[in-house]
Amino acid sequence: MLKTYKTLNTYVTNALDAAFPEESANAKQHGQVIDPQLGRATKAEFGDFQINGVFALAKIFKQSPRAIAMAISKQLQVNDDFNNICLKPEIAGPGFINLTIKENYLKSEIAAQLNDNRLGVPIVQPQNPKETLKPIVVDFSSPNIAKEMHVGHLRSTIIGDSIARILEFRGYPVLRLNHVGDWGTQFGMLITYLKLVAPHALTTANAIDLGDLVAFYRKAKERFDNDKEFQSSSRNEVVKLQAGDQESLKAWKLLCDQSRKEFQKIYDRLAVKLTERGESFYNQYLKDVVDDLNSAGLLTTDNGAKCVFLEGIIGKGGQSHPVIIQKTDGGFNYSTTDLAAIRYRLSAAPIGDGAHRLIYVTDAGQANHFSGVFQVAKRAKWIPKGCRIEHVPFGLVQGDDGKKLKTRSGATVRLKDLLDEAIDRARHDLEQRLREEGRKEDGHFIEKVATTIGIAAVKYADLSQNRTTNYQFSFNRMLALQGNTAPYLLYALVRIAGINRKGVQYNPSVMELDFKEPQEWNLIRELLKFDEVILEVEEELLPNRLCNYLFELSQVFNRFYDQIPILNTTEPIRTSRLSLCRITSETLKVGLNLLGISTLERM
RNA sequence: GGGGCUGUAGCUCAGUUGGAUAGAGCGACGGUUUCCUAAACCGUAGGCCGUGGGUUCAAGUCCCGCCAGCCCCGCCA
């Protein structure tokens, strides 16, 4: 009901001006904001929308809130267009004005939604029709080459994918960038070590698998920390690699390919699409970053390192806190790469992405880092007007003990194992239910349902939480059949699919929808909120708001389903109710799809 | 020492630009099945919104202090 809200807001503002022409003109002249503060009703008993601004106006106009409310209400009722949408405004409490949408209006809105595959969500348009939309970069997932994806990559991957899906649905061109850690000192270590113990791995594709690579990496790191000679040859190796030595580059590429294949398996299971553009991509732009910062006068050499000292952030010893741009040994580090990435992403094609919004989905622990890097980018004037650059932080994944999630042996949890376990548990639950209900299903069905539910549960549990807080991971809770979980939502869809399976033909000859039960109106009102939710998530980047909405929709639907006969009624009631089922089903499917969750017909 | 995030029911969490009597789920207790998947629905109990101030007609929400937990802090990412 976005459009309805906007329309009503105009009517209410006009009514306010009409009721208090002098006062409002006078207040505006004095720079005071005259806002009726129209918002969604906080409770169903208050109707659909409420006007909250009367109290602030009471002060400005020096009149009682109730008197103002009465005057606005009176003016609203003079407007026939308003009367077509709303019932007579109710003045409640000390001076709230409650607006309730007329049933006829709701009926026409829901009828329009029935024939709209976007379910009322508008497609974004460029401000100037001659221009094309500028892309949005969503930077997420970002595992490190030569390491396995672990639970730490879960949230970034799932949340980033959902944000990207929502922006895509709105019509933005979205660049889903996987900023993989494919460069830096670790490769010097790894290549040096492999030269010693497994040289064939550096010349032959698929010679070792990722698990071995991870083990080699660990050993290389250990040796690096304890062996001076190894250290210097590792550093040498990095220099060779950065200088473009053919042999080193070939080895590096092989290692990257090996990791890439493993990452892709996970992304395929999660149905996540990403464009890989690792840190190495920005190598060629690092020098420009340094030069730019230097000519902007931002660079200071401190203890041999080239730094930008941050404004407003005091570090150790009361000194201004630095962002290190170039190390004493001439090497660059991640801040430099991130700065190069910002510059590239915001620059116009062909030497950049020409994006207008950059979204970084990483853990909250990097908040300081990003605020520092963003500050440097701003001061270097790399962020054009109208461009947004945002860190979208999320909390840690914790175990039941409230500490960082680990395996029983204390090791990091591999993402692959975590997904496997979710699916295994879903399968186990399903088989138990089949036994209890005496149902027989073939293996294919069981696999499909278990996989869908398992992955859905993992994703939904993560997304349904406000991302800023730490997140307590629990298989039991996420796979629970009741409550705000993926299985509950999927079940609502299955119920609708069950109705459709009864062989009932949807009867399009019924032109006029007819509703009379409160459960129907509740469902209609809920269905009409979808567009508002999507736009809110687009702005706030909080997918849990969408989850919350889908859960509430499922609850309202389940009440409707439970308390109102759908098939056992006469026309046009039956088709009207089937229409509600249809829109509910579409909304849940679209909504879950925006969360990256696939749905089922039976479960 | 500095910085960031968090603190809401027994547990896990929502809480929209500050709005009316703070919400959900789980767990607990009680009820509902001639009907479309009961994996559901209905009801009961459960709160000093960490704490002390301040701003406001109005504060869980904004500002300041304090307490507790987690995370980060110069050449790793």
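Values reported hereafter were calculated over all heavy atoms of this structure, with side chains retained and with hydrogens, waters and symmetry mates removed. A, B, ... follow the sequence lines: proteins, then strands. Residue 1 opens every chain.
Under the Watson-Crick and G-U wobble criteria, each requiring two contacts below 3.5 Å, nucleotide B:G60 is left unpaired. Pairing of B:A68, defined by two Watson-Crick or G-U wobble distances under 3.5 Å, is identified with B:U6. Remark: B:C75 base-pairs with no nucleotide in the shown strands. Criterion, Watson-Crick or G-U wobble with two distances under 3.5 Å. With both pairing distances under 3.5 Å, B:U44 is matched to B:A28 as a Watson-Crick or G-U wobble pair.
Summarising the geometry, the separation between CG on A:Leu310 and P on B:G2 is reported as 18 Å, rounded to the nearest angstrom. Atom-to-atom, OH of A:Tyr460 to C1' of B:A24 comes out at 11 Å; the value is rounded to the nearest Å. Going from atom NZ of A:Lys59 over to atom P of B:A58 covers 9 Å, rounded to whole Å. One can place CG of A:Asn303 at 13 Å from P of B:G74, the figure rounded to the nearest angstrom. Going from atom CG of A:Asp562 over to atom C1' of B:A38 covers 8 Å, rounded to whole Å. In this structure, A:Asn466 places its CG atom 19 Å from P of B:G60, rounding to the nearest Å. What separates CD1 of A:Ile145 from P of B:A77 is a distance of 15 Å, to the nearest Å. Atom CZ of A:Phe46 is separated from atom C1' of B:A22 by 13 Å (rounded to the nearest Å).
Taking 4.0 Å as the cut-off between side-chain N and carboxylate O, A:Asp429 and A:Arg425 do not count as a salt-bridged pair. Taking 4.0 Å as the cut-off between side-chain N and carboxylate O, A:Arg388 and A:Glu539 count as a salt-bridged pair. Salt bridge present: A:Glu532 and A:Arg40 bring a charged side-chain N and a carboxylate O closer than 4.0 Å. A salt bridge links A:Lys529 with A:Glu526: the distance from a Lys NZ or Arg NE/NH1/NH2 to an Asp or Glu carboxylate oxygen falls below 4.0 Å.
In this structure, A:Tyr471 and A:Phe473 have perpendicular ring planes: the angle between them is above 60°, well past the 30° mark. Using the six-membered ring where Trp is involved, A:His369 and A:Tyr334 have ring planes that are tilted, between 30° and 60° apart.
For the pair A:Arg559 and B:C42, the criterion of a side-chain N or O lying under 4.0 Å from OP1 or OP2 is met. Taking side-chain N and O atoms only, A:Asn544 has a distance below 4.0 Å to OP1 or OP2 of B:G15. Between A:Gln465 and B:C13 there is a side-chain N or O to OP1 or OP2 distance below 4.0 Å. Taking side-chain N and O atoms only, A:Arg467 has no distance below 4.0 Å to OP1 or OP2 of B:C5. Residue A:Gln555 has a polar side-chain atom (N or O) positioned under 4.0 Å from OP1 or OP2 of B:G25. Considering only side-chain N and O atoms, A:Asn470 lies nowhere under 4.0 angstrom from the phosphate OP1 or OP2 of B:C71. Taking only side-chain nitrogens and oxygens, A:Thr569 never comes nearer than 4.0 Å to OP1 or OP2 of B:C35. Using a 4.0 Å cut-off, no side-chain N or O of A:Thr328 falls inside it from OP1 or OP2 of B:C75. Dashed line: the shortest gap from a side-chain N or O of A:Arg495 to OP1 or OP2 of B:A38 is under 4.0 Å.
The side chain of A:Arg477 lies closest to B:C11 when the candidates are B:C11, B:C36, B:G2. Here the nucleotide nearest the side chain of A:Pro322, chosen from B:G74, B:C35, B:C36, is B:G74.
A:Asn333 comes within contact range of the sugar-phosphate backbone alone, with a heavy-atom separation under 4.0 Å but no base atom that close. Backbone-only engagement by A:Asn548 is indicated by non-hydrogen atom pairs under 4.0 Å involving sugar-phosphate atoms exclusively. Across all strands shown, A:Thr468 has heavy atoms under 4.0 Å from sugar-phosphate atoms exclusively, and none from any base. Within 4.0 Å of A:Gly498, counting heavy atoms only, lie sugar-phosphate atoms of the nucleic acid but no base atom. Residue contacts shown for A:Ala56 include a base, since a base heavy atom lies under 4.0 Å away. Within 4.0 Å of A:Asp363, counting heavy atoms only, lies no atom of the nucleic acid at all.
Separating the P atom of B:C62 from that of B:G19 is a span of 10 Å, rounded to the nearest Å. Straight-line distance between the C1' atoms of B:C26 and B:C72: roughly 34 Å, to the nearest whole Å. Here the separation of B:A59 from B:G53, taken at their C1' atoms, is 14 Å to the nearest Å. When the C1' atom is compared between B:U44 and B:C49, the two are found 23 Å apart, to the nearest whole Å.
Each of A:Arg545 and A:Val54 lies near RNA chain B, and the nucleotide nearest A:Arg545 is the one positioned closer to the 5' end.
For A:Gln472 and A:Gln398, the side-chain atoms include no donor-acceptor pair closer than 3.5 Å.
Aromatic stacking is not marked for A:Phe551 over B:A24, as the cut-offs of 5.5 Å for the centres and 30° for the planes do not both hold.
To the nearest 0.5 Å, the span separating CG on A:Asp363 from OG on A:Ser156 amounts to 8.5 Å.
The base of B:A20 lies close enough to the side chain of A:Gln50 for a donor and an acceptor atom to sit less than 3.5 Å apart. Donor-acceptor pairing under 3.5 Å, judged by distance alone, is present between the side chain of A:Asn98 and the base of B:A20.
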